[in-house]
Structures are given as structure tokens and as C-alpha cells.
Amino acid sequence: MSASRSKTALILTGGGARAAYQVGVLAAIRDLLPDTRQNPFPILCGTSAGAINAASLATQADDFGFAVSRLEAIWGNFHVRQVYRADTLGISLTGMRWLASLLGGWLVKQVPRSLLDNAPLRELLLRHLNFDRIESAIASGALHSVSITCSGYGSGQSVSFFQGGYALESWQRSQRFGVHTRLNVDHLMASSAIPFVFPAVRINREYFGDGSMRQVAPISPAIHLGADKILVVGAGQRNAGESYREYGSRYPSLAQIAGHALSSIFLDSLSVDLERLMRINRTLNLIPEDVRLAQGLPLRPIEALEISPSKRLDHIAARHVRSLPWALRALLGNIGALNKRGGALASYLLFEASYTRALIELGYHDAQERRDEILAFLDISPSTG
């Protein structure tokens, strides 16, 4: 398999609980590999919840099959209490802080930092991820590099913190940077800090939040790290077409508006960036390679493959939202997140096994449906898959 010799990148996007879909896709890819231990993606790039999956793969890059199976076990047995406090006391305290802030903000000395307390997620990550293994994987050649993208609240810049060999250089573009560093749990907590929902995290001199915010070029980190092939696993349905447009006679609920806002953060920039990459590829293919070399053009065609859900995840979430703890159901019910129209918001917060298993199953099915494309992309002979 030549994918191990080329620099094939895996990009895992954001989306809260929706990232369970990525695990299903990865499981299908694992089952296609002739050697499940060999890592087919030497470059790993993650944003938001996708950053957590990318980091988990990076810490076990010497055994891709084991890394994916571990993700399956965690995501397939999730409960919201492993990610954020959803007990009655925790929800009540948060609600009272927000209410007090809204009614008498000038009297409150300390405003609430987020809607939910995700301290349990930090404990989960520290328990399961050994960040020292990233450097070991890079030294052994099992991993080339891994990047985690965050958004700076002070600067408004998109920052991709990456770990790789010493030859890799940081980069700077308009409102986006690449910073060479050693990754730790703070980078994951910051990248997955959904605005308003989870608290920002301070890294060095700035507070950072969800990496999907202000990320106008999600594919850029993989290219800067030297990728010549890119597999993108999304967390939302693209190109749904007119068939999913619904006639709306009722004013949208708060949950529906919030879900729409989150979808614009997590999905829209990826679509634009993929279209931009395809357009550049078509243009470069019109220029002979010897001409590009003679003119010193640094651009090169980059093969890309995207796998995204074949079904709407908000509709799936609406079928499983009753599995949430009572206190959280009450909170979400008051803003209209327990029905089909408000399911988009719930789809990001529904860290419950019934829902995550449904997404893992969907991801596995979607990847199997595109088996031949994946085999060709990874240069795997069908007879060995």
C-alpha cells in the first residue's frame, strides 16, 4: 500500500456528538486494510470534537486498528456525564447563574462562562490519552504530524497547533497561523469548546474556543504539513438539495436558531474550501507539470475525497433525544430542542450511546457504500481489502 509512503492526510471536522459518525467511517477503513496495524494517515488534522478523535489516533499511531477499536468502545458507550455535568444540581446552578447575569448583570461580579460544565471531558481525556506517545509515534515514523485547530477570542485568529518533526515550519496567512508545539489536553479542550455551550480555555496569553469558528480554510493545515492526498470526514450532510427544504409557517424556536448557527460554524467553511480545492486542481491540470516547474509555481494538485453523512443527523438526534438525563431534557425542551425542528442543537449535545451508536453505524455503512473509492484513494488492491 503506497499510502504509507505518500503523505496522506485525514481531516476530522467539528460537530460535538456528531463526531461519532467519524468513528464509523474509520472502522470501515480499518476493515479494508490488509494490515490493520499500519497507519494509513501519517498526517492527522482535527477540529473541535474531530480534534479529540485525531489526537486519539495520534497517540496510538503505531497500531491504527487498535486506535479505531478504542474509539469505537468509547463512543459506543458514551453518556453525557462523561462530557459535561447533566445532573439536576449542575444544570440548576448554571441556569441560575445565567438568569442572574441577564436580570442584574451590573450587580454580578462574575458572569457565567458557559451553559454547561465540561470538566468531566477533561478527566476522560487525561484518563485515556497519553500525549507523550505522539512524540514517540513521530520518532518511529508511524506518524508525520498532527494538528489541532482553535479559535482565538482576543485576536480573532484561527490557530492550528501542530506537532511534528523539527523540519516542519510554522506558517502565517491572513487571520490564520500554524504554531509548532507539543500538544496537550488544553489544546483539545479549547478546540472543542463550542461557543456559549462550553468554556473557553487559556493557552499561553490568549483564550481559545472551538476551532471551527473563523476557520475559513479547514483544509489548509493538512496542505501546510505536506499532504498530497486528503481524506475529509465531515459531520453534516452536504448537497442536500431542494428535497430537504421545508415550508415553515411557524416562527423558528430558539433551539432551531441555535442549531442553524452551529451548523453554519461547523459545515459551511468546509464546503467552500473543498470547492476551492477542486477549482485549483482543475486549473493546475490545464498547466503541464514541466511548465509549472519551469515557472516555479509552488502549487500542486492535491487529491481529495470527502465522506459525509447520507442522512440528516438532526433527524436521527430527534429520535434519540429522550435518552438524555431529565434535567437536560427539561432545559432543552424549554427552548424547543426535543422535536424534529430543533434537533440540530440536540445533535451536537447528545452524547448518549443510543445516538452515538446510530451514527457509528451510519458512518460504517456510508464508507462501505464507497468502498471502491476508498480502496482507490488509499491504493489498496481490492483482493486484499
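All residue numbers in this chain count up from 1 along the given sequence.
- The main-chain N or O of Asp63 is never found under 3.5 Å from a side-chain atom of Arg37 such that the two would form a donor-acceptor pair.
- The minimum heavy-atom distance between Phe377 and Lys229, with the atom names listed, is O-NZ, 2.6 Å.
- Ser220 and Arg173 share no side-chain donor-acceptor pair at under 3.5 Å.
- Atom OG of Ser56 sits about 10.5 Å away from atom CZ of Arg133, to the nearest 0.5 Å.
- The only option from Phe161, Tyr153, Phe177 that meets the ring pair (Phe, Tyr, Trp, His ring centres under 6.0 Å) definition with Phe208 turns out to be Phe161.
- Although no hydrogens or angles enter the test, the distance criterion places a donor-acceptor pair under 3.5 Å between the side chain of Arg202 and the main chain of Asn204.
- Side-chain N/O atoms of Arg312 and Ser347 include no donor and acceptor closer than 3.5 Å.
- Residue Asp228 holds its CG atom at 7.5 Å from NZ of Lys7, rounded to the nearest 0.5 Å.
- Using modelled atom types, one finds no donor on one side chain facing an acceptor on the other under 3.5 Å when comparing Ser170 with His180.
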Inset, instruction - Show your reasoning for whether side-chain contact (heavy atoms from CB on, under 4.5 Å) applies to Phe196 and Leu116. - result: CA-CA 8 Å; Phe196 298 109; Leu116 299 172; over 6 Å; no
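- Closest approach of Ala304 to Leu277, counting heavy atoms only: CB-CD2, 3.6 Å.
- For His128, the NE2 atom counts as densely surrounded, since its 6.0 Å shell holds more than 12 non-hydrogen atoms of other residues, nucleotides or ligands.
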Inset, instruction - Assess whether side-chain contact (heavy atoms from CB on, under 4.5 Å) is satisfied between Leu305 and Val232, documenting all intermediate values. - result: CA-CA 6 Å; Leu305 176 65; Val232 180; over 6 Å; no
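- At a cut-off of 3.5 Å, with distance as the only test, no side-chain donor of Arg176 or Ser160 sits close to an acceptor on the other residue.
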Legend entry - Intermediate values then yes/no, side-chain contact (heavy atoms from CB on, under 4.5 Å), Phe64 and Leu57: CA-CA 7 Å; Phe64 180 77; Leu57 293 176; 4.3 Å; yes
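- Between Cys45 and Leu10, every side-chain heavy-atom pair lies at or beyond the 4.5 Å cut-off.
- Under the 4.5 Å side-chain criterion, counting only non-hydrogen atoms from C-beta, Leu324 is in contact with Val80.
- The minimum heavy-atom distance between Ser308 and Asp366, with the atom names listed, is O-OD2, 3.7 Å.
- Judged as a side-chain contact (heavy atoms from CB on, under 4.5 Å), and not counting sequence neighbours, Glu361 has no contacts.
- Nearest heavy atom pair, residue Gln175 against residue Ser155, reads OE1-O, 3.9 Å.
- For the atom pair CZ of Arg30 and OG of Ser69, the computed distance is 4.0 Å after rounding to the nearest 0.5 Å.
- For the residue pair Ser48/Ser191, the side-chain donor-acceptor check at 3.5 Å is not satisfied.
- Using a 4.5 Å cut-off between side-chain heavy atoms of Ile, Leu, Val, Met, Phe, Trp and Tyr, with links allowed through other members, Phe66 and Leu26 fall into different hydrophobic clusters.
- The shortest side-chain heavy-atom distance between Val68 and Thr36 does not fall under the 4.5 Å cut-off.
- Ring pair Phe351/Phe78 is perpendicular by interplanar angle, where above 60° counts as perpendicular and below 30° as parallel.
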Inset, instruction - Under the side-chain contact (heavy atoms from CB on, under 4.5 Å) rule, what do His187 and Thr149 come out as? Steps first, then yes or no, please. - result: CA-CA 8 Å; His187 297 101; Thr149 299; over 6 Å; no
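- Side-chain contact between Val233 and Thr13 is absent, with no heavy-atom pair separated by less than 4.5 Å.
- Looking only at atom types and distance, the side chain of Ser145 has no donor-acceptor partner in the side chain of Gln163 under 3.5 Å away.
- For Tyr355 (side chain) and Ala17 (main-chain N/O), no donor-acceptor pair under 3.5 Å exists by modelled atom type.
- For the pair Arg18 and Tyr348, the cation-pi test (distance below 6.0 Å, angle within 45°) is passed.
- Looking at heavy atoms from C-beta onward, Trp75 lies in side-chain contact with Asn53 at the 4.5 angstrom threshold.
- For Asp186 and Arg122, the salt-bridge test passes: some basic side-chain N is under 4.0 Å from an acidic carboxylate O.
- The ring of Tyr364 has its center no closer than 6.0 angstrom to the ring center of Tyr21.
- Cluster annotation: Leu349 is connected to Ile74 through the hydrophobic network of ILVMFWY side chains, with a link wherever side-chain heavy atoms come within less than 4.5 Å.
- Smallest separation of non-hydrogen atoms from Ala137 and Ala61: CB-CB, 3.8 Å.
- Within the 4.5 Å cutoff, no side-chain heavy atoms of Ser151 are placed close to those of Ser158.
- In terms of hydrophobic clustering, with Ile, Leu, Val, Met, Phe, Trp and Tyr side chains grouped at heavy-atom distances under 4.5 Å, Ile307 and Ile360 are assigned to a common cluster.
- Side-chain contact of Asn77 with Arg357: a donor-acceptor pair under 3.5 Å is present, judged by distance alone.
- The same ILVMFWY cluster, assembled from side-chain heavy atoms under 4.5 Å apart, contains both Leu126 and Ile148.
- If you chain together hydrophobic residues whose side chains sit under 4.5 Å apart, Leu188 and Val83 fall into the same group.
- Between the CD atom in Glu275 and the CD1 atom in Ile280 there is a gap of 12.5 Å [rounded to 0.5 Å].
- Ile11 and Ala222 make their closest contact through CD1-CB, 4.0 Å (heavy atoms, listed as atom of the first residue, atom of the second, distance).
- Under a 3.5 Å cut-off, the side chain of His320 and the backbone N or O of Ala317 do not form any donor-acceptor pair.
- Atoms OG1 and CD1, from Thr59 and Ile134 in turn, are 6.5 Å apart once rounded to the nearest 0.5 Å.
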Inset, instruction - Would you sort out whether His79 and Glu352 count as a side-chain hydrogen bond (donor to acceptor under 3.5 Å, both in side chains), showing the intermediate values? - result: CA-CA 5 Å; His79 295 289; Glu352 285 292 333; 3.1 Å; yes
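- Between the side chain of Asn39 and the main chain of Ala142, a donor-acceptor pair closer than 3.5 Å is present.
- Around the CZ atom of Arg276, the shell of radius 6.0 Å holds more than 12 heavy atoms that belong to other residues, nucleotides or ligands.
- Within the 4.5 Å cutoff, the side chain of Pro221 has no heavy atoms near those of the Phe162 side chain.
- Two residues are said to be in side-chain contact when any heavy atoms from C-beta on lie closer than 4.5 Å; Thr8 and Glu303 fail this criterion.
- Here the CG-CG distance, from Leu375 to Leu32, works out to 5.0 Å after rounding to the nearest 0.5 Å.
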